[in-house]
Amino acid sequence: MSYKAEIPYGAYWSTPFARWQGSFANLHSVRFAAHVAREELGRRAIDPALFDYGVLGFSVPQQHAFYGLPWLTGMIGATRAGGPTMMQACATGVRTLLAAAQEIESDMASVALAINCDRTSNGPHLYYPNPRAPGGTGSAENWVMDNFGCDPLGGHSMLATAENVASKHNVTTAQQHELVLRREQQYGDALRDDSAFLRRFMTLPFAVPSADFRKTAATLDGDEGTSRSTAEGLAKLRPVIDGGSVTFGAQTHPADGNAAIVVTTPDKARELSADPKIAVRLHGFGLARTELAYMPEAMIPAARRALDQAGRSIADLAAIKTHNPFAVNDIVFARETGADLALMNNYGCSLVWGHPQAPMGTRAIIELIEELALRGGGFGLFTGCAAGDTAMAVVIEVCDA
Ligand SMILES: CC(=O)CC(=O)SCCNC(=O)CCNC(=O)[C@H](O)C(C)(C)COP(=O)(O)OP(=O)(O)OC[C@H]1O[C@@H](n2cnc3c(N)ncnc32)[C@H](O)[C@@H]1OP(=O)(O)O
């Protein structure tokens with residue numbers, strides 16, 4: 001199928017991603033996303049007053065986040081734009097894109113902003129009062145760390161889901177490390193020629209604002225805290241869980257950042273495009289849930305559903321991007337679908353540039369569009385797992401308008 005809603009070519013952006021407790025650690029993620037959106041819309045001469053809808057995604061709450069999307073759009077001057085605030089863990093990037101597209105499809109809006117932000121640094125500590133408990137003692141939660149460590153349905157960690165899938169599919173530590181080196185090599189292509197690939201959608205050098213957003217506190221030349229692995233260095237790492245296969249080197253690192261995509265009607269897409277001769281079309285979305293504690297597998301049925309809706313197969317794809325919090329994800333995906341493991345995730349992926357959760361999928365989709373544009377067009381797939389053994393996927397096409 002083909003959705004009416006389109007993405008104007010170039011009407012999207014991402015900040016660099018900074019490893020947690022790094023340069024973005026003290027920035028309120030919603031205010032930071034608004035600060036960046038104002039600047040990026042200005043650079044593209046897109047009037048914020050055009051937006052009549054928005055969707056804000058995050059997975060880690062911040063102070064005042066209850067006001068969500070209307071607060072953010074108000075801060076950027078898009079004062080007509082209302083809309084929901086969504087949380088679907090690491091699938092939030094695809095979900096917010098779909099929500100924006102659905103609003104356009106149903107003629108309820110004409111120009112929508114799908115914007116995602118997260119700060120895994122300095123995760124909130126929540127206290128749930130319980131006056132009926134002995135002494136009125138409530139319970140507390142460290143939002144980020146406790147949820148990495150425990151899925152309340154099964155009591156297992158996210159890492160354990162990777163171990164379950166590695167064990168089921170006989171994926172070894174050596175195979176995971178070999179893939180890490182390949183993915184870092186692919187990311188190296190994004191850094192070539194003074195980060196020419198990243199500059200297609202990221203403003204570099206990036207001015208890191210101070211916590212009050214009044215001045216520039218630092219400057220980043222690109223993503224911060226990415227690993228430069230070597231075969232020897234990886235070989236020294238032991239599995240994090242005794243008897244397992246996944247090392248610290250074979251998984252992503254938590255990060256901070258934000259990213260956004262404009263979604264609109266075909267006519268408006270031509271107007272807002274950086275190159276009106278290029279169209280970016282949406283053809284299929286997929287949601288799937290797999291067996292309890294096998295999260296990395298969920299990206300396979302989600303991809304199949306998105307491909308079915310698009311009427312395409314893996315063989316039709318010019319580019320594939322995945323969310324790979326664990327190297328295991330890509331190895332199993334390639335084995336089960338026939339995708340070429342070495343050619344997936346050109347120019348980078350969450351395994352390498354890190355994982356600020358909600359904006360991660362948005363950035364991957366933006367990179368997918370740019371890879372397809374560099375190839376002269378074609379169909380592309382993004383698929384990624386999310387908490388609760390779920391996943392979402394999207395099939396897009398870059399073609400002549
Ligand atoms: C959320 C969703 O919906 C779905 C998802 O995405 S699932 C993924 C969600 N993320 C997770 O579950 C995270 C799971 N991981 C964890 O919890 C991790 O334990 C953690 C992120 C907390 C670890 O963080 P950390 O302590 O900062 O680890 P980090 O310092 O990077 O690495 C630990 C060690 O390995 C080493 N290391 C890491 N990568 C390396 C590499 N590529 N080469 C060599 N050594 C490496 C580090 O140097 C460090 O060594 P030292 O202890 O000697 O300093």
Side-chain angles (χ1 to χ4, degrees), residues 17-22 25 57-60 86-95 116 118-123 142-153 156-166 173 176-185 187 224-242 244 246-256 287-290 293-299 302 322-330 349-361 363-364 383-392:
F17 287 175
R19 187 181 277 259
W20 63 345
Q21 303 311 134
F58 55 70
S59 69
V60 180
M86 294 186 158
M87 279 177 55
Q88 200 177 331
C90 305
T92 304
V94 183
R95 173 56 67 187
N116 290 290
D118 254 326
R119 178 172 73 168
T120 58
S121 298
N122 307 331
N142 284 312
W143 184 274
V144 174
M145 291 307 290
D146 289 356
N147 287 305
F148 282 169
C150 181
D151 176 338
L153 197 60
H156 51 273
S157 67
M158 301 231 181
L159 192 56
T161 71
E163 288 295 3
N164 290 344
V165 172
T173 304
Q176 294 171 46
H177 286 171
E178 191 186 347
L179 184 68
V180 169
L181 294 173
R182 170 66 189 149
R183 293 290 179 257
E184 288 187 22
Q185 184 187 38
Y187 177 63
E224 181 181 64
T226 53
S227 294
R228 298 276 192 278
S229 305
T230 60
E232 302 70 38
L234 289 170
K236 286 189 196 134
L237 297 174
R238 304 272 69 83
V240 178
I241 298 175
D242 276 348
V246 180
T247 65
F248 281 115
Q251 56 178 293
T252 184
H253 55 271
D256 306 330
L287 164 73
R289 183 171 185 176
T290 189
Y294 284 80
M295 179 179 72
E297 282 186 340
M299 59 198 271
T322 64
H323 167 41
N324 41 15
F326 307 103
V328 170
N329 287 51
D330 281 6
C349 53
S350 51
L351 184 66
V352 181
W353 34 244
H355 187 23
Q357 307 193 148
M360 171 279 305
R363 172 165 172 182
T383 184
C385 64
D389 309 305
T390 61
M392 280 197 81

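Whatever order the structure lists them in is the order used to number ligands and atoms, beginning at 1.
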Open item on the list: Give the atom numbers and elements of ligand 1 that come within less than 4.0 Å of a heavy atom of R19.
Closed with: 31 (O)
- [ ] Show which atoms of ligand 1 fall inside a sub-4.0 Å distance from at least one heavy-atom site of A386.
- [x] 3 (O), 4 (C)
- [ ] Assess the side chains of N122 and Q21: does a donor N or O sit below 3.5 Å from an acceptor N or O?
- [x] yes
TODO: Scan Q176, H177, R238 and name whichever one has a side chain to side chain donor-acceptor pair (under 3.5 Å) with T247.
DONE: H177
TODO: Assess K236 for proximity to ligand 1: is some non-hydrogen atom of it under 4.0 Å away?
DONE: no
Open item on the list: If we only consider heavy atoms of H323, is any one of them less than 4.0 Å away from an atom in ligand 1?
Closed with: yes
Open item on the list: Do H323 and S350 pair up side chain to side chain, a donor and an acceptor below 3.5 Å, judged on atom types alone?
Closed with: yes
TODO: Take every heavy atom of H253, measure it against each atom of ligand 1, and state whether any distance is under 4.0 Å.
DONE: no
Open item on the list: Suppose I only count heavy atoms of A387 and a 4.0 Å limit; which atoms of ligand 1 are within that range?
Closed with: 2 (C), 3 (O), 4 (C)
- [ ] Give the residue and atom name of whichever protein heavy atom lies nearest to atom 23 (C) of ligand 1, and the separation in Å to one decimal.
- [x] F248 CE2, 3.4 Å
TODO: Compare all side-chain heavy atoms of P254 with those of V144 and state whether any distance is below 4.5 angstrom.
DONE: no
- [ ] Could you tell me whether ligand 1 has any atom less than 4.0 Å away from a heavy atom of M295?
- [x] yes
Open item on the list: Could you check whether D151 and S157, counting side-chain N and O atoms only, form a donor-acceptor pair closer than 3.5 Å?
Closed with: no
Open item on the list: Quick check on contacts: which atoms of ligand 1 are under 4.0 angstrom from a heavy atom of W20?
Closed with: 21 (C), 22 (C), 24 (O), 27 (O)
